[in-house]
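Notes follow once the structure below has been shown.
Residue numbering restarts at 1 for every chain, and letters A, B, ... go by the order of the sequence lines.
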Amino acid sequence: MADRLTFELVSPERLLLSAQVDMVVVPGTEGEFGVLAGHAPLVSTLRPGVISVHDEKAIQRIFVRGGFAEVTPDGLTVLAEEAIDLATLDTAALNARIKDAEEDVADAKSEIARASAQAQLDGLRAVRESL
Amino acid sequence: MASLKELKNRIASVRSTQKITKAMQMVAAAKLRRAQDAAVASRPYTERMGRVINNLARGVAGREGVSPLLGGTGRDQVHLLVVATAERGLCGGFNSSIARLTREHIERLKREGKTVKILCVGRKGRDALKRLYGNLIIDTIEHNNVRNIGFANAAAVGDRVLAMYEAGEFDVCTLFFSRFRSVILQIPTAAQLIPIDLSTVAGDGADTGGAAYEYEPDEAEILADLLPRNVSVQIFGALLENAASEQGARMSAMDNATRNAGDMIQKLNLTYNRTRQASITKELIEIISGAEAL
């Protein structure tokens, strides 16, 4: 058994995941990269995409948007503005949310409200594409 | 001397006020717990963000063409003050202490001949500053119907500030909020958002200072991506601290109010009983002297 990697997924609201895993594949801005234990120190920004957490034989897939990944000798930390576990997501609910978001964009009264609704919508669409 | 009926009404009204303040105190206590948890839960993100930015900023310090979010615009003529307060009152000195700190800051800047603009986050801050500096307030962002402050709320404020910065509408941005220490102590704080003040960013970077990072893409690009994010993160942290402070301040204010109402009820009860006795005694005297006269 090889060394295990300490992986932490943090959103601004809380610490989402903190575990010992085998490998994590991160969607970096310049391409996906896998992180194993003992990876060289690295900082990379993220593009919206799916993080795959490989542990034993199970693979957990988590959608992330906006943020960066930091690899230190202690482990990997991913800071994401938004993170959704794909296993807990069902397509119907997602489509409903996208529809809601589209309406929000249309209904937005101020520029700020529209911008934030649009960002929400873009995020949701990216989730759908990654399924 | 007030009549018995008046006193009775008085006591009833103070008693119902006490019930309300008691209920508000308990609600605030419950909300405080949640707000505190949220503030604690947001810390790992803020800390790591601060650490990485600190590392990066050290790397690019002194280089040409660093982001104006880091190096500033080279001027400090126009100041934007983001004043974060509560949406509701009845929370002791919470709103007024933030407003007071802001006022002192504005006066100092004015003496130095700077231009001041105010962006209020929260209705109460605007109310407090409107009378003196109504013409300086450019807008108010209200979170009136937001139950729990989410990152999206903070990001909206952050985007607004960044858009103004890019449009060259101000040179320095300072954020006013109340830092939560304990239920009885909240410290009104001013934090400089733009250009970033590295000494206040969490984490000193000492623990990772030795490790040479690889950057993907290069440092400047990561920094350009992270600095705007950091503004939102800082605002988010401040809003959470504020939420906790507000509930803490309300809790102790309502606790005081409940106690004062209790004291008042006691005093009124005493007066009521005295008056009642006096009127009974008076009636007895009247009956007895009436009987004697026969």
Side-chain angles (χ1 to χ4, degrees), chain A residues 8-18 26-33 35 38-48 64-83 101 104 108-124, chain B residues 37-53 55-56 59 119 139 141-142 148-164 207-208 210-219 221-226 228-230 232-237 239-240:
Chain A
E8 286 188 344
L9 178 61
V10 192
S11 83
E13 269 132 26
R14 64 207 163 91
L15 182 66
L16 290 165
L17 188 69
S18 177
V26 183
T29 317
E30 301 195 334
E32 302 214 335
F33 57 91
V35 180
H39 195 287
L42 168 81
V43 174
S44 170
T45 47
L46 302 180
R47 64 180 160 73
V64 293
R65 189 175 65 81
F68 66 95
E70 182 194 18
V71 186
T72 62
D74 305 326
L76 166 69
T77 310
V78 173
L79 281 82
E81 267 180 26
E82 194 181 4
D104 282 349
K109 287 188 183 69
S110 69
E111 201 136 307
I112 307 169
R114 187 170 316 119
S116 83
Q118 184 67 46
Q120 192 79 19
L121 177 61
D122 290 345
L124 290 169
Chain B
D37 288 348
V40 169
S42 79
R43 264 177 214 154
Y45 193 92
T46 323
E47 269 166 26
R48 294 203 166 95
M49 188 87 157
R51 203 177 62 203
V52 171
I53 287 186
N55 275 339
L56 283 164
L119 176 67
D139 200 7
I141 298 172
E142 292 191 15
N148 288 318
I149 293 284
F151 186 68
N153 302 116
V157 179
D159 291 346
R160 177 73 190 272
V161 170
L162 288 170
M164 285 177 65
D207 50 341
T208 48
Y213 280 103
E214 267 177 58
Y215 293 101
E216 189 181 308
D218 62 25
E219 284 144 294
E221 261 178 78
I222 293 186
L223 206 52
D225 183 60
L226 288 190
R229 252 183 242 290
N230 185 52
S232 299
V233 170
Q234 297 275 335
I235 294 175
F236 183 58
L239 289 182
L240 289 177

- Choice from B:D37, B:I149, B:V52 maximising heavy atom contacts with chain A below 4.5 Å: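 Most heavy-atom pairs within the cutoff with chain A belong to B:V52.
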- Item | Counterpart residues, ring pair (Phe, Tyr, Trp, His ring centres under 6.0 Å), relative to B:F236 (two or more places apart) |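 Scan of B:F236 (ring pair (Phe, Tyr, Trp, His ring centres under 6.0 Å), adjacent residues dropped) gives B:F151.
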- Counting heavy-atom pairs under 4.5 Å to chain B, which of A:E30, A:E8, A:R14 comes out on top? A:E30
- If you count heavy-atom pairs under 4.5 Å with chain B, which of A:L15, A:V10, A:V43 comes out on top? A:V43
- Query: Between A:E81 and B:R229, is there a side-chain N and carboxylate O pair less than 4.0 Å apart?
  - Reply: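 Yes.
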- Part of B:A38 lying under 4.5 Å from any heavy atom of chain A: backbone
- Query: Side chain, backbone, both or neither: which part of B:L240 has an atom under 4.5 Å from a heavy atom of chain A?
  - Reply: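 The answer is neither part of B:L240.
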- Those residues that, when tested against A:T77, pass side chain to side chain donor-acceptor pair (under 3.5 Å) (two or more places apart):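 Once residues adjacent in sequence are excluded, A:T77 has no partner under the side chain to side chain donor-acceptor pair (under 3.5 Å) criterion.
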- At a heavy-atom separation under 4.5 Å, does A:A69 approach chain B through its side chain, its backbone, both, or neither?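 Answer is neither: A:A69 stays 4.5 Å or more from chain B.
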- Message: Checking side-chain contact (heavy atoms from CB on, under 4.5 Å) between A:V64 and each of A:V26, A:L46, A:L16, which is the one that passes?
- Response: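 It is A:L46, the one option of A:V26, A:L46, A:L16 that forms the side-chain contact (heavy atoms from CB on, under 4.5 Å) with A:V64.
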- Item | Side-chain touch B:L226/A:F68, heavy atoms, less than 4.5 angstrom |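 Yes; the side chains approach each other to less than 4.5 Å.
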